[in-house]
Structures are given as structure tokens and as C-alpha cells.
Amino acid sequence: MVKSTSLLATLPSDLERDRLPRHVAVIMDGNGRWAKQQGMPRVMGHRRGVDSLRDLLRCCKDWGIPALTAYAFSTENWGRPSHEVDFLMTLFEQVLRRELAEMMAENVRIRFVGNLDALPPSLQAEISRSMNDTKNNQDVEFTVATNYGGRQEIIQACRAIAQKVQQGQISLDQIDENLFEQHLYTSGLSNPDLLIRTSGEMRISNFLLWQMAYSEIYVTQTAWPDFDREAFHQALLNYQTRDRRFGKVKN
Ligand code: FPP
């Protein structure tokens with residue numbers, strides 16, 4: 001079933017346009033539990049989760065939020081039963097193939113972050129194609145974390161920087177936060193203002209560890225397949241009550 005996008009097509013009037021997050025990150029949790037509750041196999045929750053993600057992406061475009069990052073597959077998710085891992089890899093590939101034309105039409109740029117070399121070659125090919133075809137699109141920057149782990153990302157950045165020091169390309173005192181960020185997968189992307197996690201768990205599960213130093217965290221009990229525009233509206237209303245001080249005191 002495809003969800004209706006006609007509801008809340010424009011920004012709800014109780015949200016302040018100039019105080020919207022510029023970058024929203026999502027941990028799409030609860031697919032398996034949702035499916036079980038419906039008496040369906042776990043993987044059907046992932047299939048339904050794609051609809052939620054597609055609508056959230058459209059919603060970001062409709063409401064003027066320029067960046068969305070979704071945690072699709074963590075480095076730890078390889079430990080799931082092989083049929084579920086295989087299902088997810090095939091699903092990513094199918095979705096990419098199916099949605100590319102729509103992303104072009106909606107002016108969405110898609111980017112994948114993570115250790116992509118370990119993904120099935122046919123998926124890697126779809127990833128390259130979609131990233132290349134959409135690279136000049138500008139309305140929404142859509143980042144999909146796949147085979148992603150925050151610690152692993154930090155280690156690969158350290159290695160890349162150490163190698164440059166070893167080769168004499170940079171000196172030790174040139175290493176600062178700015179240079180470090182340039183070596184993360186997310187180089188060039190702003191840090192998330194808001195992290196939304198569905199399905200109730202209060203943890204960040206190795207997601208964007210560096211980038212989320214000052215992100216506001218919103219956890220909802222709603223399972224990812226049920227996360228719709230109204231649920232997003234509630235998350236944004238909550239975000240707009242937050243007092244973001246970034247470690248400083250108020251004047
Ligand atoms: C977590 O729910 C969800 C995932 C590990 C997969 C999420 C992936 C999608 C929704 C597909 C996205 C597709 C593209 C192309 C980006 P869970 O299985 O951990 O749920 P549970 O906690 O109830 O077991």
C-alpha cells in the first residue's frame with residue numbers, strides 16, 4: 001500500500017519556516033517488530049519502510065528541508081540471518097533502479113556513505129549510477145548510510161590523514177576539526193540538526209558519531225513503517241521547542 005502524500009503537502013502553519021532543521025538524520029528502527037505485529041515476515045517491514053522513507057524525502061522537499069540522511073544498513077547488520085541481509089541488498093538495488101527517474105524529477109541528489117566496496121557488485125553499480133546521475137541536483141541532499149559504522153568512519157579518516165602526514169602532504173599542526181571533517185564520508189555536508197529515531201530505543205547505535213556532537217535527538221515510539229508526515233510534523237514541533245546553545249550560555 002502506498003501512503004497518501006496529499007495530506008500535509010505544504011508546511012503546517014504551526015511550524016516556523018526559519019527555524020526548521022537544515023539537516024535531518026533518521027534511524028529507521030522497528031521494521032521487524034512492525035511486520036511481526038501484522039503477522040508478516042520481518043522483511044515485509046523493510047519493504048514497507050521504503051514507502052516511509054520515500055514520503056519523508058518528498059516531505060523534506062515540500063517543506064524546504066535541504067538535507068536528509070537515513071541509516072539503511074550498519075556494519076553490525078551483517079550479523080542478521082543471511083536471508084534478511086540478502087533481501088535488504090536486493091531491496092536497495094530495486095529501489096534505486098525504480099526511484100532514479102523520480103529523484104531526477106524531484107531534483108534530489110543521492111549520495112551513499114559507508115564502506116561501499118564490501119557491497120554486492122551489482123548494488124555498487126546502481127549506487128555509482130544514481131550518485132553520478134543526480135550529482136548536479138540541488139533541492140534535497142539525500143544521504144544513505146549503507147554498510148556504515150561511525151567508529152569505522154573515524155578510523156578510516158585517521159588512516160587517510162596519517163598517510164598524508166607520512167607522505168609529507170600535511171603537517172601535524174594542520175590537523176584540526178575542519179581538516180578532520182574533510183576526511184569523513186560526509187565531507188561537504190552540514191552536521192545534522194535533528195536526529196529522529198523510531199520505535200523507542202534511546203541510543204545512537206554507531207550512527208554519525210562525529211557529526212551528531214550537537215544534534216537534537218527525538219525518539220518516538222512509532223515504528224518506522226508507520227512514520228508519516230504527521231509523525232514528522234510532531235518531531236519538528238518538538239525540535240522547535242529546543243533551546244540550542246551549543247555548549248554556550250544564553251545572552
Ligand atoms: C531497522 O529495523 C531497519 C533496517 C535495518 C533497514 C532499513 C532499510 C530500509 C527501510 C530500506 C531503505 C531503502 C533504501 C534504498 C535507502 P529493524 O529490522 O531493526 O526492526 P526491529 O528493531 O523491529 O527488529
Side-chain angles (χ1 to χ4, degrees), residues 1-3 24-60 67-104 106 108-114 116 119-120 122-131 133-134 140-150 185-186 195-208 219-228 231-232:
M1 189 176 79
V2 175
K3 292 179 189 176
V24 174
V26 281
I27 298 181
M28 309 179 286
D29 199 13
N31 292 347
R33 278 167 282 174
W34 178 90
K36 229 176 148 190
Q37 271 171 8
Q38 319 283 319
M40 295 194 282
R42 286 178 52 80
V43 292
M44 295 314 288
H46 300 317
R47 199 180 278 292
R48 179 59 189 262
V50 173
D51 295 340
S52 298
L53 186 56
R54 186 197 298 113
D55 193 40
L56 181 60
L57 181 57
R58 276 213 192 105
C59 191
C60 286
L68 174 69
T69 298
Y71 204 3
F73 194 87
S74 74
T75 46
E76 291 71 33
N77 285 154
W78 294 110
R80 293 185 174 215
S82 61
H83 73 88
E84 184 170 339
V85 171
D86 292 348
F87 181 93
L88 280 167
M89 295 298 148
T90 307
L91 183 68
F92 297 154
E93 205 176 312
Q94 285 170 348
V95 169
L96 273 183
R97 209 172 288 135
R98 197 178 66 207
E99 301 294 329
L100 184 57
E102 188 64 25
M103 286 190 286
M104 291 305 293
E106 301 252 351
V108 169
R109 178 182 182 179
I110 191 169
R111 169 149 73 154
F112 282 76
V113 293
L116 305 179
L119 298 173
S122 55
L123 175 56
Q124 288 187 45
E126 282 306 324
I127 286 176
S128 302
R129 189 161 77 104
S130 63
M131 284 178 38
D133 285 7
T134 63
V140 185
E141 179 111 49
F142 177 39
T143 305
V144 184
T146 310
N147 195 21
Y148 174 89
Y185 295 135
T186 51
L195 168 70
I196 297 172
R197 181 167 186 147
T198 55
S199 222
E201 316 286 357
M202 305 256 188
R203 49 178 177 259
I204 55 173
S205 300
N206 204 16
F207 189 35
L208 302 175
V219 176
T220 172
Q221 294 300 323
T222 304
W224 178 251
D226 287 332
F227 190 85
D228 58 9
F232 189 39

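One-based numbering, in listed order, for ligands and for the atoms of each. Just so you know, residue 1 is the first one in the sequence shown, and it goes up from there.
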Query raised in the report: Is there at least one pair of N or O atoms, one from R42 and one from ligand 1, spaced under 3.5 Å apart?
Result: yes
Query raised in the report: Looking at ligand 1, does any of its N/O atoms fall within less than 3.5 Å of an N/O of G32?
Result: yes
**Report entry** Side-chain touch R48/Q38, heavy atoms, less than 4.5 angstrom
**Finding:** no
Query raised in the report: Could you state the interatomic distance from OG1 (T134) to CG (L100), rounded to the nearest 0.5 Å?
Result: 7.0 Å
Query raised in the report: Going by the salt bridge (charged side-chain N to carboxylate O under 4.0 Å, His left out) test, which pairs reach into residues 28-46, not counting sequence neighbours?
Result: D29-R33, D29-R197, R33-E201, R42-E84
Requested in this report: Tell me which part of N77 gets within contact of ligand 1: side chain, backbone, both or neither, using heavy atoms under 4.0 Å.
Outcome: side chain
Query raised in the report: So, is Y71 polar-close to ligand 1, with some N/O to N/O distance under 3.5 Å?
Result: no
**Report entry** Contact check, side chains of L57 and V140, non-hydrogen atoms, under 4.5 Å
**Finding:** yes
Query raised in the report: What protein heavy atom sits nearest atom 3 (C) of ligand 1, and how far off is it?
Result: M28 O, 3.2 Å
Report summary line: The atoms of ligand 1 lying under 4.0 Å from a heavy atom of V95, numbered in the order shown, are 15 (C)
Query raised in the report: Which bit of L96 gets closer than 4.0 Å to ligand 1, counting heavy atoms only: side chain, backbone, both or neither?
Result: neither
Requested in this report: Give the C-alpha distance, both sets of side-chain angles, the deciding distance and a yes or no for side chain to side chain contact (heavy atoms under 4.5 Å, CB included) between F73 and F92.
Outcome: CA-CA 10 Å; F73 194 87; F92 297 154; 4.0 Å; yes
Report summary line: for atom 14 (C) of ligand 1, nearest protein heavy atom and its distance come out as F92 CD2, 3.8 Å
Report task. May I ask you to test the L56-W224 pair for a side-chain heavy-atom distance under 4.5 Å? Result -> yes
**Report entry** Residues in salt bridge (charged side-chain N to carboxylate O under 4.0 Å, His left out) contact with E99, at least two apart in sequence or another chain
**Finding:** R54
Query raised in the report: Judged by non-hydrogen atoms, does S199 sit under 4.0 Å from ligand 1?
Result: no
Report summary line: for atom 6 (C) of ligand 1, nearest protein heavy atom and its distance come out as A72 O, 3.4 Å
Query - Option nearest atom 18 (O) of ligand 1 (shortest heavy-atom distance, choices E84, R80, R48, R33) - result: R80
Report summary line: For L53, the atoms of ligand 1 under 4.0 Å from one of its heavy atoms are 12 (C), 16 (C)
Report task. List the closest protein heavy-atom neighbour of atom 4 (C) of ligand 1: residue, atom name, distance to the nearest 0.1 Å. Result -> H46 CE1, 3.8 Å
Report task. Can you sort out which atoms of ligand 1 are near V144, meaning under 4.0 Å from one of its heavy atoms? Result -> 16 (C)
Query raised in the report: What orientation do Y71 and F207 show, parallel under 30°, tilted 30 to 60°, or perpendicular over 60°?
Result: parallel
**Report entry** Exercise: identify the closest heavy-atom pair between Y148 and V113
**Finding:** CB-O, 3.9 Å
**Report entry** K36, portion touching ligand 1 at heavy-atom distance under 4.0 Å
**Finding:** neither
Query raised in the report: Which residue from I27, T198, N31 reaches closest to atom 10 (C) of ligand 1 through any of its heavy atoms?
Result: N31
Query - Close approach, A70 and ligand 1, non-hydrogen under 4.0 angstrom - result: no
Query raised in the report: Under 4.5 Å between any side-chain heavy atoms of L116 and I127, yes or no?
Result: yes
**Report entry** Nearest-0.5 Å distance that lies between atom CZ in R80 and atom OG in S74
**Finding:** 7.0 Å
